[in-house]
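The structure appears right after this line, and notes come after that.
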Amino acid sequence: MTGLYDVSHRNEDGAQKGPKHPVPKGQPILELRGLQKKYGAVEALKPANITFLSGEIHAIVGENGAGKSTLIKLLTGVIRRTAGEVFWCGNPVQLATPNEAISRGINAVHQEVVLCRHLTVAANMFLGDEMNRNGLMRMRAMTDAAQAVLNDLGFNLPAGAVLSDLTIGQQQLVATARAAMRGTQFLIFDEPTAYLTRQESAQLFRLIRRLQAEGVTIVYISHRMEEVFELADRVSVLRDGTHVGTRTIAETNDAELIKMMINRTIEQIYHKEALPIGATIMETRGLSGPGFEDVSLSVRAGEIVGLYGLIGAGRSEFALGLYGRQPVSAGEILWQGQKVDIRNERTAMDLGIALAPESRRDQGLCLNLPIGLNINLPVFDRLTSGLTINRRREIENADRQINDLKIKTPSRRVLASAMSGGNQQKIVIGKWLSHGAKLFIFDEPTVGVDVGTKAEIYRLFARLLEQGAGIILISSYLPEVYELADRLHVFRQGRLVASHTYRSASHEEVLTQAIGV
Amino acid sequence: MSVETTTEAAAAPKKGMNILFGLTLLGLLLFLWLLLGLSTNAFWTSNNISNLLRQGAMTAILAVGQTFVIITAGIDLSVGAVVGFSSVTVAWLLQHGVPLWPAMGITLLIGMLIGAFHAFGIVRMGLPAFIITLATLTSLRGIGLLITNGSTISISDESFTNFSRADFLGIPSLFWMVVVVAIPAYIFLHLSRWGRYLFAVGSNSEAARLSGVNVNRTIYLAYILSSTCAAFVGLLLASRIGIGNATQAEGWELQAIASSVIGGTSLFGAVGSVQGPLLGAFILATINNGANLLNINAFVQRIITGLLIIVIVYFDQLRRRGSR
């Protein structure tokens, strides 16, 4: 029996959990041979040969869209492979369903917590595997057992607390503890630190090392280089669905990994042209609202103003306040020198502000409606003549954006949900290109977008700037804001804590200001 | 870092599917008519067809209004009660000497106000649509019963009651009322920007809001249209039965929702049309009519209706899954 805390009571009933073929440390535990995944004609993962050794911490790095998520889904049985073979402890396996993966001891901790928010920590840890006596749940016993596990892991969490009362970071730790106590032999972490504080990250790293010491094989997916070098024994690089190579950590360095990941230099991705900077378009003075306080900044024609900070630092909230989505409680907004009162989204749009929001899924798109309708949504009033919409102009406008932005679709009638992340982002941008604006706010425009599309989006920024617009670029990806922004503002806990001109501070400096150490 | 998987090639254009689905429903309706024509002599008589059209007309109008609401991912459970209440309103007004046209106008206005109240409850008070419309369902029945003291108000105005029995070009005037409602409804839903906004709000209200759509106004519009359609049906019903009675139209909200769903409307919102619920309503009316002619127990009719809803919506689910 492996795994840290196998408190599984099913053993008493005779139902064995966990693997039955222990593999000595350093020997292959999971081998992928020519593993491939295709969606229609699109190859999400090209045939990959990767070997995971028992007891190692194996990092997987790659840009957004490189195929990391596809690989996890294949290993955890969420999707089925198109071709190739998988060997578990030397035997070929299907991994056709999540249950098969779990019963073999393969588990994953996802970036976004997939637990029941209304249940207690203990109930979540035992979910689907509850202790019971005569059909009734043994709540007290489960809470005690869960608390023992949490204490032992050094997590200062009450097992009886309701999950939704915890921070995202704490929920992530619960998810990890849940995986740890289930006889896991092979545990995949999908960017686990994205929402964690430094302290929580440190706790998580201790847990990962401890699991490794117990013989658990760890796959650690991240795009944070420093974490990879801190934790991993070996690292595999994915790029555009291709497995580029695997290195031992001791024999590689940042520069090599980044080169493998993007296969092009920074200059080839970021298009930073020196454009003349014009008059001030918009200025905020001491603007406060829900989630942000006392923010003063300005945007001039022809410049990109970058807002950098950790998730929850108040950047998106500031954007929503500026756009009229959230009420502003104090401070003022000057638009081309005039004081304005932006009470709702329509007012903002009419002034000339466009917002491509943070979450395409929740804020950007009507996913189960056609691409054309999504693109035209902000401009239907202009496409209307008399009572009805002018069909010809509606079609023309949608098709123009689809062509201009090279949205890969057979027709404007295809539903937005059928598009990849990059193409969805283009639809969101297309809405605002057809509407037109003087100030464009892009909130995390390249999350989940492949490298090629990223470069296209950056070129588009340059085009907008040439036309005399100003851009607010919100990003949690430092190189992006660092390389693109003419002025870079750092947010922390709802406040603007530092401002820099182009490349006037080092990455470390900016990061330190964002974290606040 | 979740990357949605790419499935461009698989997604079929949507419009062709809608037409296909509409034709399937029409085919089903014609098939039922053919079947009933062959199995009973009484079906293809002008008397019966007129009766069928009258029966279906009122559900059809309710279903169109209901569809607007369902497209915004809402539900309007009150429409049956609004029908009954409106029949009471118009009868009471006529009884108290209000001339016919103002009486009908006031009834429709009260319908609009009921819809506005629903939207107010949803938008301002944050109540689920299911709850606020369920509450008015029971309250309106109560108010109607209070006004009539639990009995009925008979309507003596003959020009009003004759309307429902009249024909125009050989087709019952009640059916013409479906046309009168359906054409503007079609223009509204499929050709105007307001229709697009209903779909957008039903699909993702936050995305619609951030695109400059006035979400609150759109919700007001949907519920006002639904209640006004119901008040209009209340007038037609009062004309048909010649009385105002608060307990009339019991369960019609379910008929309307069923018609809408049979017509391809998705209860999750953002999917629906005008022609779909119309066909759905006449399919239901045909089944009831045919079951009467074939002397099938009225209780069994209800079971058949339930099964039909399951079968049609199941096939629609398969169709949608297939098009993914």
Side-chain angles (χ1 to χ4, degrees), chain A residues 39-42 44 64-65 67-70 79 111-112 190-191 194 221 223 323 325 344-346 348-349 355 357 361-370 373-374 376-378 380-381 383-384 387-389 391 408-411 413-415 417-421 423-424 431 435 447-448 450, chain B residues 1-19 71-73 183-218 265-272 320-321 323-324:
Chain A
Y39 291 101
V42 182
N64 294 325
K68 294 174 294 183
S69 299
T70 307
I79 53 174
Q111 176 187 357
E112 282 167 32
D190 185 4
E191 303 215 24
I221 291 166
H223 57 228
Y323 190 67
R325 176 64 185 93
N344 56 41
E345 301 81 6
R346 214 5 115 171
M349 283 168 66
L355 171 70
R361 182 170 287 277
D362 298 331
Q363 303 168 300
L365 292 173
C366 296
L367 281 174
N368 57 353
L369 291 177
L373 199 158
N374 273 291
N376 285 324
L377 197 52
F380 272 125
D381 50 342
L383 300 174
T384 299
L387 274 177
T388 59
I389 294 168
R391 281 291 288 161
K408 288 189 202 112
T409 170
S411 158
R413 290 199 291 264
V414 173
L415 304 188
S417 57
M419 296 285 101
S420 67
N423 281 307
Q424 289 186 345
K431 294 208 293 201
H435 183 265
V447 168
D450 59 274
Chain B
M1 217 236 57
S2 64
V3 180
E4 289 93 55
T5 45
T6 319
T7 50
E8 274 108 311
K14 206 172 156 245
K15 199 170 182 180
M17 296 302 290
N18 280 345
I19 292 172
I71 285 174
T72 68
I183 289 173
Y186 185 88
I187 293 171
F188 169 80
L189 188 64
H190 295 290
L191 303 180
S192 87
R193 65 187 163 120
W194 295 106
R196 301 285 198 281
Y197 293 166
L198 287 184
F199 285 101
V201 168
S203 173
N204 185 344
S205 65
E206 185 61 25
R209 190 187 301 270
L210 291 176
S211 303
V213 175
N214 191 328
V215 173
N216 292 351
R217 201 191 293 168
T218 309
T265 314
S266 162
L267 286 174
F268 297 107
V271 179
R320 279 179 222 284
R321 241 173 274 159
S323 74
R324 284 278 152 81

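Naming: A, B, ... by sequence-line order, numbering from 1 per chain.
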**OP:** I would like to know whether B/Asn214 and B/Tyr197 meet side-chain contact (heavy atoms from CB on, under 4.5 Å); could you show each step before the answer?
**Re:** CA-CA 8 Å; B/Asn214 191 328; B/Tyr197 293 166; over 6 Å; no
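Put simply, of A/Pro357, A/Pro378, A/Cys366, the one with the most heavy-atom pairs under 4.5 Å next to chain B is A/Cys366. Heavy-atom pairs under 4.5 Å with chain A were tallied for B/Ala200, B/Ser205, B/Ala208; the largest tally goes to B/Ala200.
Within the 4.5 Å cutoff, the side chain of B/Ile71 has heavy atoms near those of the B/Leu189 side chain. Under the 4.5 Å side-chain criterion, counting only non-hydrogen atoms from C-beta, A/Leu415 is not in contact with A/Leu367. At least one side-chain heavy atom of A/Arg325 sits less than 4.5 Å from a side-chain heavy atom of B/Glu206.
Looking at A/Leu387, the atoms closer than 4.5 Å to chain B (heavy atoms on both sides) all sit in the backbone: N, CA, C or O. With a 4.5 angstrom heavy-atom cutoff, A/Asp381 touches chain B via backbone and side-chain atoms both.
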